[in-house]
There are 2 protein chains.
Amino acid sequence: MTRSSRQAKMMVAVDCIIFGFDGQDLKLLVIKRALQPEKGKWSLMGGLVNENEGFEDAAIRVLHKLTGLDGVYMEQLFAFGHPDRDPAGRTASIAYFTLIDISKYEQQLSHEYEADWKSLKDMPKLIFDHMDMVKMAWEKLQYKAAIHPILFELLPLKFTIPQLQILYEAVYDTVFDKRNFSRKILSTGLLIKQKDKEKASSKRGAFYYKLDKRKYNAKFHAFLNFVPDPDNLK
Amino acid sequence: MTRSSRQAKMMVAVDCIIFGFDGQDLKLLVIKRALQPEKGKWSLMGGLVNENEGFEDAAIRVLHKLTGLDGVYMEQLFAFGHPDRDPAGRTASIAYFTLIDISKYEQQLSHEYEADWKSLKDMPKLIFDHMDMVKMAWEKLQYKAAIHPILFELLPLKFTIPQLQILYEAVYDTVFDKRNFSRKILSTGLLIKQKDKEKASSKRGAFYYKLDKRKYNAKFHAFLNFVPDPDNLK
DNA sequence: GCAAAAGTGTTGCGAATACACCCATGG
DNA sequence: CCATGGGTGTATTCGCAACACTTTTGC
C-alpha cells in the first residue's frame, strides 16, 4: 500500500448544528451563505479547518465567530465525506452538534452574517448535505436527551418546571403528564428551587429553579429515562 | 471568508477498530504496520481514502482487505484530526467501530498482513493515537450494548445462553446472576431455541439459540437495560 | 368570582433483583 | 455416584404510569 495519486488530499471543513429554544419551539441557527457556490442560500454555519488546528478547535472558533459564545455544549456528530457532497471540489465536513442558551446569543449577535433562528418544524431548504446533518443531529438530540440531562443546556440559568416541560415536549413532539414529569425531574436531585417566581406566563407564577452544577457534572452520564415509549426512537 | 492558503488540504484515512470474541475474552484485531514511519509496530488496520470514495466505503474496503468479510456490523466512531497525530504530515482519520464473528474471520484470513487478535486487557502499545481510538471504541461498546442488542454481532450463528453471558460479562468486566440474565435475554423475544446442544463445555450440554433476524432488525433500536448499575458507565 | 396555570398525592402494575434447588451426563 | 455446569421458579422491592383535585391570583 503506497501513497499513490489515487489518494488525493481534500479540504476539511466543520459545520455546526446549533440548537436553541425560544420557550416554545426548538430552533436552529442558520445563515445565508456569503460565498459561491450557492451564495444567498440557507446554510449551516461552518468553515474550513486551518492548517494547525484540530477539528473541535475549528468548530469552537466557527461557533464563536457567529455567536460570540464560548464554553457551550458541543460534541462531534459525524464526519460527512461523500465525494460529491460539495460541488466546488472534494471537501469533507466534520459536523458538530451544539446546544446554546438562546438568550445569551441575542445579546452578543455578530452582524457579520445574515443569521436567523428557524423552527425545526419549518426548516427552509439547506445547501449540500446540510439537511442530512440536521436530521442526524435532531435524532441524536432525541436519543441523548432520553438518557442524559442535556436539555438544560438550552435553558437560561433560571427556569421553571413548566418551561422545562415545554422543552421536552418540543423535543419529542408529544405531551407529558405534568405530575409525573415534575416528579421525575425533581427526583434526579439536579434542581435547586429558587425563592422567586416567573410571573409572565401565569397569574399564580411558577418557581424558578437552577441547575445544581456540581451534581449535574457528576450525574451527567447517569442513565435517565425521560421518554415513556422509547420504541419511537431509533 | 475566502479559501486562503491557511486552509491546507489534508490526507484522510480510515482506521478500523475490530472487535471479536473468542468464547472467553474480548479481542481486537491489530496488524504489524508495513510502512514507515513506525514500521513493525502494532497498529489498527487502516488506509487512505481514495479520490472517489466515501468514508464508509473506504472502511468497508479496508476491512474486507484484511478479513475477507463483507456485510459486518460497522459504524462511524469518531473523526480524529489533531494536527500532529501523524508525524508524516497532516492526516485526519475517520475511525470505524466494527464487530465481527471471530469464527468467520479465521476461515478467510488474508496473509498479506501480520495480523493478530489481542486481548483488550492486555493490549500492546499502538502507534499514533490508535490507543485513544481503542479506548473510545471500548467505551462505546459498553455504552451501546447496555441499550441495544449489538453483542450478537460478535457471536456465531448458533450460540448458547451461557456463551452469551460470558460475552456480556467480558464486556462489562463483571458477573451477572445467570437466572436473571437468561430471563432478561429470553424476554426480548430475539432468540429462537434450537433442537441441538453444545456439548463441548459441559456434560449436560446447553441448547443452541439463533437470533431471530426479523425481530432483531425490528427491535434493534428498542432500548434494553442489560446493565444493573449503569452509573458505572459514562 | 372566575379563568388559567401551578402544584401536589395515591394506587396499581410491571420490571428488576435476590435468592435456592433440581436436572442431565461424562467420567 | 458424584462433580460440573445447565436450567428453572418465587417473593419482594422499586420505579413508572395513570389519574383528579386544590391553590393562587390577575383580570
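Per chain, numbering begins at 1; letters A, B, ... match sequence-line order.
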Write down the protein N/O and nucleotide N/O pairs, taken from nucleotides 20-22 of chain D, whose separation is under 3.5 Å; answer none if there are no such pairs.
{"from": "D/dA20", "atom 1": "N7", "to": "A/Arg179", "atom 2": "NH1", "distance (Å)": "2.9"}
{"from": "D/dA20", "atom 1": "N6", "to": "A/Arg179", "atom 2": "NE", "distance (Å)": "3.4"}
{"from": "D/dA20", "atom 1": "N6", "to": "A/Arg179", "atom 2": "NH1", "distance (Å)": "3.3"}

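- A donor N or O paired with an acceptor N or O is not found under 3.5 Å between the base of C/dG7 and the side-chain atoms of A/Arg183.
- Rounded to whole Å, the distance from CZ on B/Phe176 to P on C/dC19 is 17 Å.
- To the nearest angstrom, P of D/dG6 lies 13 Å from NZ of B/Lys193.
- The distance between atom CG of B/Asp177 and atom P of D/dG7, rounded to the nearest whole Å, is 15 Å.
- Among residues two or more places apart in sequence or in another chain, the side chain to side chain contact (heavy atoms under 4.5 Å, CB included) test is passed with B/Ala92 by A/Phe55, B/Met10, B/Val12.
- In this structure B/Asp70 satisfies the salt bridge (Lys or Arg N to Asp or Glu O under 4.0 Å) test with no other residue, sequence neighbours excluded.
- Rounded to an integer number of Å, the gap from CG of B/Asn180 to P of D/dT12 is 16 Å.
- Between the P atom of C/dA18 and the CZ atom of B/Phe181 lies a distance of 16 Å, rounded to the nearest Å.
- Separating the CZ atom of B/Phe207 from the C1' atom of D/dG5 is a distance of 14 Å, rounded to the nearest angstrom.
- Under the 30°/60° scheme for interplanar angles, the aromatic rings of B/Phe176 and B/Phe181 are found to lie parallel.
- The side chain of B/Lys184 sits closest to C/dT17 out of C/dT17, D/dA18, C/dA6.
- For B/Asp177, the salt bridge (Lys or Arg N to Asp or Glu O under 4.0 Å) partners two or more places apart in sequence, or in a different chain, are B/Arg179.
- Pairs passing the side chain to side chain donor-acceptor pair (under 3.5 Å) check and including a residue from residues 200-210 of chain A, sequence neighbours excluded, read A/Glu198-A/Ser201.
- With sequence neighbours excluded, no residue forms a salt bridge (Lys or Arg N to Asp or Glu O under 4.0 Å) with A/Lys193.
- Per the geometry, CG belonging to A/Leu164 stands 15 Å off C1' belonging to C/dA6, to the nearest Å.
- Mapping A/Gly205 and B/Thr160 onto DNA chain D by nearest heavy atom places B/Thr160 closer to the 5' end of the strand.
- Listed in residue order, the members of residues 195-203 of chain B having a heavy atom less than 4.0 Å from DNA chain D are B/Ser201, B/Ser202, B/Lys203.
- The side chain to side chain contact (heavy atoms under 4.5 Å, CB included) search around B/Ala58 returns B/Val14, B/Val49, B/Glu53, B/Arg61, not counting sequence neighbours.
- With sequence neighbours excluded, the residues that form a side chain to side chain contact (heavy atoms under 4.5 Å, CB included) with A/Asp173 are A/Lys121.
- A cation-pi contact, defined as under 6.0 Å to the ring centre and within 45° of the axis, is absent between A/Lys125 and A/Trp42.
- The listed nucleotides are C/dA6, D/dA18, D/dG7; the one nearest the side chain of A/Ala206 is C/dA6.
- In this structure, A/Gln163 places its CD atom 14 Å from P of C/dA5, rounding to the nearest Å.
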